[in-house]
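Here the structure is laid out as structure tokens; the discussion comes afterwards.
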2 protein chains.
Amino acid sequence: MASIKDIAKQAGVSISTVSYALNGSTKVTEETAAKIVAIAKELNYVPNAAARSLKKRETNIIGVFLTNYGGAFYGQLLQGIQDTLSSKGYEMIVCSGKESHRFIPERMIDGAIVLDYYFSSAELIRHADAGHKIVVMDRELTHPNINQVLLHNTSGATLAIDYLIEKGHRKIYAITGPEGSYDATQRIEAVRQSVARYSDIEYQELPGDFNKPAGEKAAEQITKNFTTPVAVFCLNDEMAIGMYNYLAKTKYEVGKDIHIIGFDNIELTHYTQPRLATIDYSERKWGAVSAEHLLKLIANEKAENERIYVTLIPGESVGNISSN
Amino acid sequence: MASIKDIAKQAGVSISTVSYALNGSTKVTEETAAKIVAIAKELNYVPNAAARSLKKRETNIIGVFLTNYGGAFYGQLLQGIQDTLSSKGYEMIVCSGKESHRFIPERMIDGAIVLDYYFSSAELIRHADAGHKIVVMDRELTHPNINQVLLHNTSGATLAIDYLIEKGHRKIYAITGPEGSYDATQRIEAVRQSVARYSDIEYQELPGDFNKPAGEKAAEQITKNFTTPVAVFCLNDEMAIGMYNYLAKTKYEVGKDIHIIGFDNIELTHYTQPRLATIDYSERKWGAVSAEHLLKLIANEKAENERIYVTLIPGESVGNISSN
DNA sequence: TTATAACGTGTGATCGTTTTCATCTATAGT
DNA sequence: ACTATAGATGAAAACGATCACACGTTATAA
């Protein structure tokens, strides 16, 4: 409630002197400054964010846009962003939903990190054109005010397929992701290229949407036509878990009849029986790098697009097939 | 970039007329309004949030404060809050970390929902004294500007203990929560009262902190002194999962040697083998109710403190003990 | 001693809105 | 034809901060 004006009055100085004192300017006598600071504390003074950012044209807040809070909510990723930002004096807010997009043009935030399927690229470009700084984590977008920090999806998908092949599998399914998802598109493309290198592979795609029910549905499809053991690359772990759930109610065993590999190494997979093979990456690093790049953009420094490396996590969900 | 002033100039009217037109006031001719709206669209006008909230003294944003983003990140709870808020024209931001607390006195948000262990009650009361509206989900705090929406911890803990007793258990451990946690305190109190009702119960408490490693450590303790089957009430599921992890590496079996019940019904428990018995509640409802209460506080309507009901989810992690 | 710089402080414009109040026009009532 | 009234618009004062600039003082150099 107390404003700079109240402090000025009580200290018997002008508001500019108060402002200088509170901002640690050397222009003010130590003595005066001390008095002002004391009064400010006494009055529980806190600067009004709106007034300050109206004048300074910056808020020191970064917005992170997510599709939703449920499902695989990127805890570690957010922590990575948060740590990096707060070490640079920025605050982070997490938002979701179409309405929250307005924070950008309204100048509520100094920059945006986007991992939101529903945030259209056209809209992002409009914001970038208006001078707003953005880091995208879920698409490719070339613009001077936009930087990309993406996963190495293609090498991840290649690792997965190679693993299956190495284990002797020649009958391979892939469960795709939602239409329009960048990660899904990249992964499936890499899968197609990988399997195309072998002439003896029986390859088939089943539709998916990155959620558990899609995995269940795919499992149903696969078991319906089951003849010999098959390998399945679920383009994310969530769907792999869905398959586990469905298969648990059938006679088919994971790692014996149906061999499964996922992508993301979400926490849940550490508790599956048998352990799900998957593709891993450091969520925390992904977040930290994104934040760094965004801060560079804001500081008008050059930031190169970057990709986060992924590794294979073997698991008993993929067993050996004796090549015959 | 375009401001109300630019629109005014281009439309040949004053800024006040533009403001009225854009806010749908009836004071302006339909014709003029239409022209202004058209120009605003053409210029990609978006009101400046700082300027608006400086003048209006409200932001239409609600802040949700969490201890961190990792671990059990309340996805459904946030969704519940978000849905309720957006139906009333509010936006939600999720924040974490000590620094983010300043959003309240800085008037960045119109109200706060607190589920943050590190947010001290003294600080909350200071903010409430300054007129800010707050809903707490993790403590009891009586203040005209603060409302509580809590879990029915005591009945949950009682359900858990009764379940163990009903199954014939008389040797019972409780793994506590972090010191100062309201939920933990309430639960452990109820446990003590429950076991005190029986003279033949051998009851013991082991320290915990709501994280997996604490569960592992507790499991180590318990197995070290193992003689006869015991029942363990982990004050949250996370620690129960920790126990599972540790026990998996030993000869002791969950549901046979060590009987476990948790609290929270987190998603992970749906995938444990055997299924973990636990205490369930609707996260979504918890969030929705909190949001409703906060909006009432903001509207200066009376809001009663409320508790969310909990139910028992049986599971094979707790087996029968033949009473001898 | 005087010119000048350095220093501390105050004045006032500004950021982009909202909103009260005044002003102006047109219409209606007499 | 003249006033009363309603309706549309504009002028200007906030909101609470920052900051360029101007203004006195005092210390320093010529």
Side-chain angles (χ1 to χ4, degrees), chain A residues 1-37 39-40 43-61 102-110 130-132, chain B residues 1-37 39-40 43-61 102-110 130-132:
Chain A
M1 282 298 285
S3 83
I4 214 175
K5 210 183 283 179
D6 303 313
I7 301 175
K9 196 181 295 174
Q10 187 151 341
V13 298
S14 73
I15 58 165
S16 51
T17 303
V18 175
S19 176
Y20 289 130
L22 260 25
N23 288 308
S25 163
T26 56
K27 307 175 94 177
V28 175
T29 324
E30 264 185 54
E31 192 187 3
T32 323
K35 186 170 77 178
I36 289 172
V37 168
I39 293 176
L43 296 181
N44 282 321
Y45 170 77
V46 177
N48 179 303
R52 164 174 275 167
S53 57
L54 173 59
K55 182 64 181 156
K56 298 199 75 171
R57 302 169 145 281
E58 66 181 32
T59 60
N60 271 4
I61 299 174
R102 63 183 171 81
F103 286 162
I104 298 177
E106 279 181 351
R107 306 187 150 277
M108 271 247 43
I109 55 180
D110 291 351
H132 298 108
Chain B
M1 280 298 285
S3 83
I4 214 175
K5 210 183 282 179
D6 302 313
I7 301 175
K9 197 181 296 173
Q10 187 152 341
V13 297
S14 74
I15 58 166
S16 47
T17 302
V18 174
S19 176
Y20 287 131
L22 260 26
N23 287 308
S25 162
T26 56
K27 307 176 94 175
V28 174
T29 324
E30 264 185 53
E31 191 187 7
T32 323
K35 185 169 77 179
I36 290 173
V37 168
I39 293 175
L43 296 180
N44 282 322
Y45 170 77
V46 177
N48 179 302
R52 164 174 277 168
S53 58
L54 174 60
K55 183 62 184 161
K56 298 200 73 172
R57 303 170 145 279
E58 66 181 33
T59 60
N60 272 4
I61 298 174
R102 64 182 169 83
F103 286 162
I104 298 178
E106 279 181 350
R107 306 185 151 278
M108 271 248 41
I109 54 181
D110 290 351
H132 298 108

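This one's a predicted model, so the numbers in the text were calculated from it and none came from an experiment. The sequence lines fix the lettering, A, B, ..., with proteins before strands; numbering per chain opens at 1.
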Distance check needed: [N] [atom2] versus [X] [atom1], whole Å only.
X        : N      : atom1 : atom2 : value
A:Lys9   : C:dG10 : NZ    : P     : 15 Å
B:Lys5   : C:dT18 : NZ    : P     : 14 Å
B:Arg107 : D:dC15 : CZ    : C1'   : 11 Å
A:Tyr45  : D:dG16 : OH    : C1'   : 7 Å
A:Glu106 : C:dC15 : CD    : C1'   : 16 Å
A:Ile7   : D:dA17 : CD1   : C1'   : 11 Å
B:Asn23  : C:dG16 : CG    : C1'   : 13 Å

Polar atom pairs (N or O), protein with nucleotides 9-12 of chain D, under 3.5 Å:
{"from": "D:dT9", "atom 1": "OP1", "to": "B:Thr29", "atom 2": "OG1", "distance (Å)": "3.4"}
{"from": "D:dT9", "atom 1": "OP1", "to": "B:Thr32", "atom 2": "OG1", "distance (Å)": "2.9"}
{"from": "D:dT9", "atom 1": "OP2", "to": "B:Thr29", "atom 2": "N", "distance (Å)": "3.1"}
{"from": "D:dT9", "atom 1": "OP2", "to": "B:Thr29", "atom 2": "OG1", "distance (Å)": "2.9"}
{"from": "D:dT9", "atom 1": "OP2", "to": "B:Thr32", "atom 2": "OG1", "distance (Å)": "3.3"}
{"from": "D:dG10", "atom 1": "OP2", "to": "B:Ser14", "atom 2": "N", "distance (Å)": "2.6"}
{"from": "D:dG10", "atom 1": "OP2", "to": "B:Ser14", "atom 2": "OG", "distance (Å)": "3.2"}
{"from": "D:dG10", "atom 1": "OP2", "to": "B:Thr17", "atom 2": "OG1", "distance (Å)": "2.7"}
{"from": "D:dG10", "atom 1": "N7", "to": "B:Ser16", "atom 2": "OG", "distance (Å)": "3.2"}
{"from": "D:dA11", "atom 1": "N6", "to": "B:Ser16", "atom 2": "OG", "distance (Å)": "3.3"}

Side-chain donor-acceptor contacts of residues 24-34 of chain B below 3.5 Å, not counting sequence neighbours, with atom names and distances?
{"from": "B:Ser25", "atom 1": "OG", "to": "B:Lys27", "atom 2": "N", "distance (Å)": "3.0"}
{"from": "B:Thr29", "atom 1": "OG1", "to": "B:Thr32", "atom 2": "OG1", "distance (Å)": "3.4"}

Quiz item: Looking at side-chain heavy atoms only, is the closest gap between A:Ile61 and B:Met108 below 4.5 Å?
Solution: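 When only atoms from C-beta onward are counted, B:Met108 and A:Ile61 do touch, with a gap below 4.5 Å.
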Partners of [X] by side chain to side chain contact (heavy atoms under 4.5 Å, CB included), sequence neighbours excluded?
X       : value
A:Leu22 : A:Ile7, A:Val18, A:Ile36, A:Val37, A:Ala40, A:Tyr45
B:Lys9  : none
A:Gln10 : A:Ile39, A:Glu42, A:Leu43
B:Lys56 : B:Arg52, B:Glu58

Exercise. Return the set of residues passing side-chain hydrogen bond (donor to acceptor under 3.5 Å, both in side chains) with B:Thr17 (not counting sequence neighbours), or none when no residue passes.
Key: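 Listed in chain order: B:Ser14.
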Practice problem: Quick one: list whatever passes side-chain hydrogen bond (donor to acceptor under 3.5 Å, both in side chains) with A:Arg57, sequence neighbours left out. | Solution: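 A:Arg57 satisfies side-chain hydrogen bond (donor to acceptor under 3.5 Å, both in side chains) with no other residue.
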Quiz prompt | Between the first and last five pairs of the helix from C:dT1-D:dA30 to C:dT30-D:dA1, the angle of the axes, rounded to 10 degrees | solution =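 Roughly 60° between the end axes, to the nearest 10°.
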Quick one: label [X] by what it contacts on the DNA or RNA (base, sugar-phosphate, nothing), any heavy atom closer than 4.0 Å.
X       : result
B:Ser25 : nothing
B:Ser19 : base
A:Val18 : nothing

Practice problem: Please work out which residues in residues 52-61 of chain A have a non-hydrogen atom less than 4.0 Å from an atom of DNA chain D and list them by number. | Solution: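 When residues 52-61 of chain A is checked for heavy atoms under 4.0 Å from DNA chain D, the hits, listed by number, are A:Arg52, A:Leu54, A:Lys55, A:Lys56.
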Practice problem: Would you name the heavy atoms of A:Thr59 and A:Arg107 that are closest together and state the gap between them? | Solution: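 Scanning both residues, the minimum pair turns out to be CG2-O, 3.5 Å.
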Quiz item: Given the rule in the side-chain contact (heavy atoms from CB on, under 4.5 Å) test, do A:Asn48 and A:Ser3 qualify, once you have shown the distances and angles that lead to the verdict?
Solution: CA-CA 8 Å; A:Asn48 179 303; A:Ser3 83; over 6 Å; no
Quiz item: Can you tell me if the side-chain N/O atoms of A:Asn48 get under 4.0 Å from OP1 or OP2 in D:dC15?
Solution: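 Answer is no, no contact under 4.0 Å.
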